[in-house]
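For reference, the structure discussed in these notes is given below.
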There are 2 protein chains.
Amino acid sequence: MAVRLAEVAAEAGVSAATASRVLNGSSRRPAEEIAERVRAAAERLGYYPNAQAQALARSSASLVGLIVHDIADPYFSTIARGVQERLSGSGIQVMLASTGRDSALELEAVRSFMSHRTDAILLAGSRGLSDDEELVVALERYQGSGGRVVMIGQPLDLAGGIHLDNRGAAAALAAELLAAGHRRFAVLAGDPALITAAERVAGFVERLAEEGIEPLLVSEGVFTRDGGHDDMSRLLEAGALDLDSGQVCVFCANDVMALGAMTAIREHGLAVPSDVAVAGFDDIPTLGDMVPSVTTVRLPLEEIGRQAADFVLSEVDETYRESVRGEPVLRESTAVRS
Amino acid sequence: MAVRLAEVAAEAGVSAATASRVLNGSSRRPAEEIAERVRAAAERLGYYPNAQAQALARSSASLVGLIVHDIADPYFSTIARGVQERLSGSGIQVMLASTGRDSALELEAVRSFMSHRTDAILLAGSRGLSDDEELVVALERYQGSGGRVVMIGQPLDLAGGIHLDNRGAAAALAAELLAAGHRRFAVLAGDPALITAAERVAGFVERLAEEGIEPLLVSEGVFTRDGGHDDMSRLLEAGALDLDSGQVCVFCANDVMALGAMTAIREHGLAVPSDVAVAGFDDIPTLGDMVPSVTTVRLPLEEIGRQAADFVLSEVDETYRESVRGEPVLRESTAVRS
DNA sequence: CTGAAAGCGCTTACAG
DNA sequence: CTGAAAGCGCTTACAG
């Protein structure tokens with residue numbers, strides 16, 4: 001179908017070997033006069049190298065696999081942008097899999113990436129990964145055959161990657177809220193089976209404990225906007241926050257939960273922050289345009305994506321971990337009632 | 001490095017041909033007893049087929065290339081999710097390129113996807129594509145060698161795809177706002193060089209004209225959150241909306257512009273919607289949790305992604321165009337001042 | 001039903 | 001510097 005190297009070589013009156021050396025880089029550089037002829041022939045014929053044939057001959061595909069739970073989630077899509085940006089111009093292409101937190105799909109993606117002989121697999125997201133026997137076996141096999149595994153925001157004994165200090169950042173947020181004067185807290189924890197959610201809650205609660213404060217309650221639920229909305233509705237209906245005794249500051253395990261919670265608070269005729277203060281985590285883009293603007297922890301997601309890509313570009317140690325920390329951003333949603 | 005088919009065949013005591021037929025699908029099905037032996041050997045050795053070798057032998061890579069301007073933009077990431085979802089389980093992998101509206105990077109992505117012998121290239125985003133001579137030449141060459149080009153949300157003479165009826169949907173939004181009682185309008189048009197932005201503005205303004213109404217002004221600027229913010233600030237500072245004469249309804253060419261504009265309005269001590277009503281376009285996820293909630297046009301982005309993937313799965317006509325329409329959603333931000 | 005062999009389109013030691 | 005040839009790991013007519 002497409003033009004082959006042999007045709008270019010014939011057109012230029014040289015061997016395939018020479019054409020290959022001219023067109024696709026090599027230490028041996030043919031004479032300029034010949035090189036020129038080859039380039040002209042390639043241009044004339046519209047030649048594009050067959051990446052599959054090159055990969056096979058070179059035993060290297062120049063491919064990276066990126067696995068996320070949901071590419072439409074700003075958390076993951078911003079990381080993906082960072083990865084893309086850093087890899088741009090390197091000649092390495094990104095294969096994307098969005099698995100919807102389905103471990104069967106995740107395993108399928110890993111296997112497909114193995115088949116495609118990707119140089120590395122970047123795994124973003126969070127789950128009790130160590131539990132997933134089959135996935136771990138597949139990844140170990142991948143590593144055994146020279147593949148590189150980079151974890152983003154979740155630990156895995158066998159691989160290095162980017163560690164997000166969810167615990168430390170949540171603790172820092174708690175510290176700022178305490179310093180602002182808050183004393184009564186509640187936590188919308190999301191799904192405790194998600195490592196990310198669990199760590200954020202733990203860091204927050206531990207920091208409170210250092211001050212001798214215990215949250216009124218820690219409510220488990222779903223790690224989504226609707227999860228935050230429904231949890232908050234339930235708590236308010238049950239009167240669980242005892243608002244008559246004063247303002248309560250609610251920490252939500254991520255921003256979209258915080259948005260859902262704020263809407264629920266309003267639906268119950270209450271005000272943010274004077275009745276219920278709300279804080280989230282992630283700093284998703286639209287947060288600053290909310291009214292009131294929303295307190296959160298800012299995560300350098302794009303930078304995280306870039307750093308993950310750096311693991312591929314520069315051959316650092318297999319199990320090296322880069323630690324990234326979030327930074328609390330106090331906004332109007334946690335103003336203390338005067 | 002990795003296990004090869006030949007080793008599996010040897011382990012099972014059969015030929016490579018037989019092993020191939022058992023493992024990687026074929027019309028010829030070997031005897032069950034032998035098949036079982038081959039499968040066991042593959043399992044024992046941890047065999048994964050080399051996708052590059054398969055692609056080369058089959059002359060088909062089972063790959064699709066997706067080009068977006070910015071994967072972190074919800075518009076594109078939601079489309080990407082739809083594409084992924086529909087392709088999931090089909091054995092087709094997605095190669096992703098996020099080009100940041102840089103036409104050189106876009107061309108590079110197309111060439112790389114051609115090299116990788118992708119079955120199709122899905123182009124999302126909007127620009128004066130027909131102007132880009134090199135891109136058009138490359139895409140035509142791609143089509144000539146059997147590749148399929150699917151345009152998403154932007155036209156290109158040589159290819160079919162998903163047509164977004166930006167013009168019609170913007171007109172429908174204008175109709176609803178008129179029906180609600182608005183009579184004084186302004187438009188934050190974004191960048192008129194972007195086809196998407198231009199069509200939305202045209203549809204909106206044309207519908208007003210049918211009612212004999214002309215907007216107070218159409219302001220050009222940048223198609224981003226900050227663009228909306230800065231445009232609105234400038235207009236308010238200049239007193240361009242003549243608010244003393246009554247409420248003005250401002251149509252922004254996309255949602256993030258609307259968010260920026262709303263923040264600017266508040267910064268100037270004015271209220272949404274009573275002083276200035278605001279409408280956007282796209283229906284990005286957090287819009288419903290805003291206060292006031294924001295009027296917009298809902299686009300079925302995920303469905304658009306799925307349909308684009310369908311172009312690849314089912315071999316429809318090369319230039320077939322599926323038209324998708326957005327639906328106006330009136331919310332609090334455009335309530336008429338009573 | 002099974003296998004030997006050619007072929008997919010490149011790259012790269014190895015000779016010349 | 002240039003070219004003939006083997007090899008990358010599969011698939012698939014073609015024989016048997």
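Just so it is clear: chains get the letters A, B, ... in the order the sequence lines come, proteins before strands, and each one is counted from 1.
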Could you go through E322(B) and Y320(B), starting from their C-alpha distance and side-chain angles, then the distance that decides it, and tell me whether this counts as side-chain hydrogen bond (donor to acceptor under 3.5 Å, both in side chains)? CA-CA 7 Å; E322(B) 176 84 33; Y320(B) 175 70; 3.0 Å; yes

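- Looking at every heavy atom in both residues, E11(A) comes nearest to A41(A) through CG-CB, 3.5 Å.
- Remark: C1' of dC1(D) and CZ of R37(A) are 13 Å apart, rounded to the nearest angstrom.
- Atoms CD1 (I34(B)) and P (dC1(C)) sit 11 Å apart, rounded to a whole Å.
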Base-pair string, DNA chain D, Watson-Crick plus G-U, cut-off 3.5 Å on both distances, | for inter-strand, is |||.||||||||.|||

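- For the pair L139(B) and L123(B), the minimum side-chain heavy-atom distance is below 4.5 Å.
- Contact annotation: Y48(B) does not reach the phosphate of dC10(D) (side-chain N/O to OP1 or OP2, under 4.0 Å).
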Apply side-chain hydrogen bond (donor to acceptor under 3.5 Å, both in side chains) to T118(B) and Y142(B), showing your working. CA-CA 10 Å; T118(B) 52; Y142(B) 178 64; 3.0 Å; yes

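- Between E33(B) atom CD and dC1(C) atom C1' there is a gap of 12 Å when expressed in whole angstrom units.
- The CG atom of L5(A) sits 11 Å away from the P atom of dG9(C) (whole-angstrom rounding).
- Salt bridge present: R86(A) and D310(A) bring a charged side-chain N and a carboxylate O closer than 4.0 Å.
- Tested against I67(A), the residues L96(A), L122(A), I121(A) include a single side-chain contact (heavy atoms from CB on, under 4.5 Å) partner, I121(A).
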So which protein N/O to nucleotides 4-8 of chain D N/O distances come out below 3.5 Å?
unit_1 : atom_1 : unit_2 : atom_2 : d
dC8(D) : O2     : A57(A) : N      : 3.3

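- Nucleotides dG16(C) and dT12(C) have their C1' atoms positioned 16 Å apart, rounded to a whole Å.
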Walk me through whether E302(B) and T78(B) qualify under side-chain hydrogen bond (donor to acceptor under 3.5 Å, both in side chains). CA-CA 5 Å; E302(B) 192 166 345; T78(B) 308; over 6 Å; no

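- What separates CZ of R117(B) from C1' of dC10(D) is a distance of 17 Å, to the nearest Å.
- If you measure from atom CG of L23(B) to atom P of dC10(D), you get 10 Å, rounded to the nearest angstrom.
- Distances shorter than 4.0 Å separate none of the side-chain N or O atoms of T18(B) from OP1 or OP2 on dT2(C).
- As rounded to whole Å, 16 Å separates atom P of dG9(C) from atom CD of Q54(B).
- Looking at E134(A) and R111(A), their side chains come closer than 4.5 Å, going by heavy atoms from C-beta outward.
- Residues L301(B) and I304(B) meet the side-chain proximity criterion, which asks for heavy atoms closer than 4.5 Å.
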